[in-house]
2 protein chains.
Amino acid sequence: MSTAEVLATVDIVALRLNAERGLELLLIRRAKAPFEGQWALPGVLINGRCADHGLDDAALRALREKARVKPAYMEQVATVGNAVRDPRGWSLSVFYLVLVAPDIELAADDLDFVPLESVRSERFPLPFDHTQLVQQACERLAGKSVYSALPLHLLPERFTVAEALKAFEWSIGEEIQHSSLRGRLERMKAAGWVEDTGERHQPPMGRPQHVLRFTPQGDGAFVFDRSLLV
Amino acid sequence: MSTAEVLATVDIVALRLNAERGLELLLIRRAKAPFEGQWALPGVLINGRCADHGLDDAALRALREKARVKPAYMEQVATVGNAVRDPRGWSLSVFYLVLVAPDIELAADDLDFVPLESVRSERFPLPFDHTQLVQQACERLAGKSVYSALPLHLLPERFTVAEALKAFEWSIGEEIQHSSLRGRLERMKAAGWVEDTGERHQPPMGRPQHVLRFTPQGDGAFVFDRSLLV
DNA sequence: ATAATAGTGTCTGTGAGACATTATGTA
DNA sequence: TACATAATGTCTCACAGACACTATTAT
């Protein structure tokens with residue numbers, strides 16, 4: 001026993017939807033070594049001296065104290081650990097996928113959203129193995145988006161079908177049939193997850209859009225029994 | 001920095017299929033405090049002094065050195081961490097779901113397979129929060145079994161449809177239509193995951209059964225595009 | 001022959017894919 | 001008017017559910 005301990009962190013892969021540019025990743029400028037001054041995933045150390053009641057609490061603390069954003073959805077993705085990912089030695093990271101609403105304000109200039117694609121393509125390199133964590137989190141999002149309504153958590157409470165379509169397509173990385181999405185939204189209406197507000201929104205051109213409201217019933221996403229894009 | 005460390009383990013939820021009694025859970029009698037002498041999940045401590053290249057390696061080490069069984073399938077489920085799960089203080093467990101073939105030999109008398117139901121119903125209590133870990137691992141198995149061929153990893157390489165049916169039903173916890181399973185096996189044949197050996201197996205009564213061979217193509221389970229039991 | 005079990009076939013319903021058609025706004 | 005976009009409808013196909021029916025063995 002005695003010193004059989006290891007350095008552990010909780011790291012956050014927080015994504016936001018930008019209607020034109022696609023998904024964006026929240027980064028924070030590191031205040032301390034290692035990699036001081038570089039942009040990296042927000043995260044916190046976990047150890048007995050913090051008041052976290054559990055890992056989800058630690059993730060919420062990271063969101064509150066570091067990222068300073070409110071999560072619309074949060075899910076533990078996985079844990080990685082090895083001797084080389086942190087220069088300080090054997091370390092371990094429990095990382096979370098977090099979706100935030102598109103209209104959030106960033107509270108400080110050590111925080112920024114960058115295009116997700118620039119990170120995934122490694123044009124924007126991240127320290128540690130953070131690029132891989134982002135990759136895994138995105139795979140989780142894409143995987144779940146074909147059989148659940150997870151991308152709706154990227155939208156404001158009131159949304160249009162066109163916005164939902166974009167959320168799904170950016171999450172999955174492929175175009176999908178709008179009629180399939182409409183069918184799914186109809187089934188969500190029947191289950192009380194989505195309702196038609198009756199309002200209309202007028203785009204620059206064309207027929208006005210119905211404005212829907214998304215009301216998640218409990219944690220987790222609405223699950224369908226089939227997959228898109230088979 | 002300095003002592004910002006935490007106690008971390010990798011724990012294994014290893015399941016085996018017993019044709020009559022259903023799923024069984026592998027337990028080990030703890031050699032050291034805390035809970036010395038009690039039956040618990042096999043696991044190992046992780047820290048910089050062990051030669052693990054990563055968490056999956058640590059899990060394989062736990063299987064090799066503690067459980068002494070060969071995994072047919074292995075998957076990280078999640079990580080739990082809090083101040084109360086271990087009497088030594090704030091601790092963290094990365095736990096894995098492992099499926100092993102039914103013809104396993106146990107190498108020592110500090111190892112045993114117990115009925116999974118007795119653990120899930122808490123008639124067989126486990127130390128730490130191991131009962132909850134088992135619960136979560138089983139939910140993962142059940143969840144994936146409705147849209148993948150995961151339960152086939154509980155079978156020997158050569159198997160019959162009747163055996164596969166039992167593997168699915170025990171994994172999911174409900175009866176399923178054998179004709180649905182046959183359809184899925186046909187599609188796996190087309191994909192090269194299953195082949196008909198041409199052999200027959202004669203049950204005590206009735207028509208002889210076709211003997212199939214399961215040949216996983218890479219890690220992970222074969223995935224279908226629909227769910228059973230909708 | 002009878003029982004038991006394996007394997008096949010039939011019918012229905014759901015929902016995704018693809019695409020045509022209609023509806024309703026702006027310029 | 002033309003054009004753009006939203007919303008609806010139609011047709012096909014794949015596959016799960018349910019269950020009937022046929023096939024092949026032991027007793």
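Lettering of chains follows the sequences in order, A, B, ..., and the numbering in each one begins at 1. Heavy-atom basis, side chains included; hydrogens, waters and symmetry copies ignored.
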Return the value, rounded to whole Å, for the distance between atom CZ of F159(A) and atom C1' of dA6(D). 15 Å

Name the nucleic acid region contacted by L228(A), choosing base, sugar-phosphate or nothing; use a 4.0 angstrom heavy-atom cut-off, strictly under. sugar-phosphate

In whole angstrom, give the distance that lies between atom CE of M205(B) and atom P of dA23(D). 18 Å

Validation row: L25(A), L41(A) side chains within 4.5 angstrom (heavy atoms): yes

For K189(B), I'd like to know if atom NZ has over 12 heavy atoms of other residues, nucleotides or ligands within 6.0 Å. yes

Take G206(A) and S180(A), find for each the nucleotide of DNA chain C with the closest heavy atom, and name the residue whose nucleotide sits nearer the 5' end. S180(A)

Check the distance between dT14(C)'s C1' and F224(B)'s CZ and give it to me in whole angstrom. 19 Å

What orientation do Y73(A) and H153(A) show, parallel under 30°, tilted 30 to 60°, or perpendicular over 60°? tilted

Scan Q177(B) against the nucleic acid and name what it touches under 4.0 Å (heavy atoms): base, sugar-phosphate only, or nothing. base

For the side chain of P203(A), starting at C-beta, report the closest nucleotide among dT14(C), dT25(D), dA6(D). dA6(D)

For S179(B), answer base if it contacts any base atom (sugar-phosphate contacts may also be present), sugar-phosphate if it contacts only those atoms, and nothing otherwise; contact means non-hydrogen atoms under 4.0 Å. base

Spacing of H178(B) atom NE2 relative to dG9(C) atom C1', expressed in whole Å: 11 Å

Nearest nucleotide by nearest heavy atom, which residue falls closer to the 5' end of DNA chain D, Q202(B) or R182(A)? R182(A)

So, D56(A) versus Y96(A): side-chain donor-acceptor pair below 3.5 Å or not? yes

Interatomic distance, Q209(B) CD vs dG7(C) P [rounded to whole Å]: 6 Å

Does any part of the side chain of L92(B), heavy atoms only, come nearer than 4.5 Å to the side chain of T9(B), both counted from C-beta? no

Whole angstrom is fine here: how far is it from CG in D225(B) over to P in dG15(C)? 14 Å

Take the protein atom NE2 of H201(A) and the nucleotide atom P of dA6(D), then report the distance between them rounded to whole Å. 11 Å

Could you pick out which residue, R207(A) or R187(A), lies toward the 5' side of DNA chain C when each is mapped onto its nearest nucleotide? R187(A)

Quick one: label R184(B) by what it contacts on the DNA or RNA (base, sugar-phosphate, nothing), any heavy atom closer than 4.0 Å. sugar-phosphate

CD1 of I176(B) versus P of dC19(D): gap in Å, rounded? 16 Å

